[in-house]
Amino acid sequence: MHTISYSRLFLVNLMLALASCGSNNQRRKKEIRLQQKQHHHKKKLQAYLQNCWAIIMASQPGYFAKNKYGDDMVLNGNKISVPLCRLQSL
């Protein structure tokens, strides 16, 4: 009678151990796939940034602000002016 209860206990423990190993394995596979995706995106971003280096130069001449009818906007009797703007980026 003791051998039956020990064998049942052994089988239950074996089933629990196998069941727990499977879920950890699946979780580990998901973690590996996520790390691979992150590594792929990191490499892709690095390649993009290496090809993206350029000098950008732009300028916007100054102008007077207009309202929706095309007339100059006036505030306290003065036209609203937008100054010249120059942009430079590496």
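All values below were derived from every heavy atom in this structure, side-chain atoms included, with hydrogens, water molecules and symmetry-related copies excluded.
Atom NZ of K30 and atom CD1 of I32 lie 13.0 Å apart (nearest 0.5 Å). Once rounded to the nearest 0.5 Å, the distance linking CG of D72 with OH of Y63 reads 12.0 Å. To the nearest 0.5 Å, the span separating CZ on R86 from CE on M57 amounts to 9.0 Å.
Of the listed residues (K29, E31, K37), just one forms a side-chain contact (heavy atoms from CB on, under 4.5 Å) with R33, and that residue is K29.
Between D71 and K66 the shortest side-chain heavy-atom distance does not fall below 4.5 Å.
Hydrophobic clustering (side-chain heavy atoms under 4.5 Å, transitive across Ile, Leu, Val, Met, Phe, Trp, Tyr) keeps L84 apart from V82.
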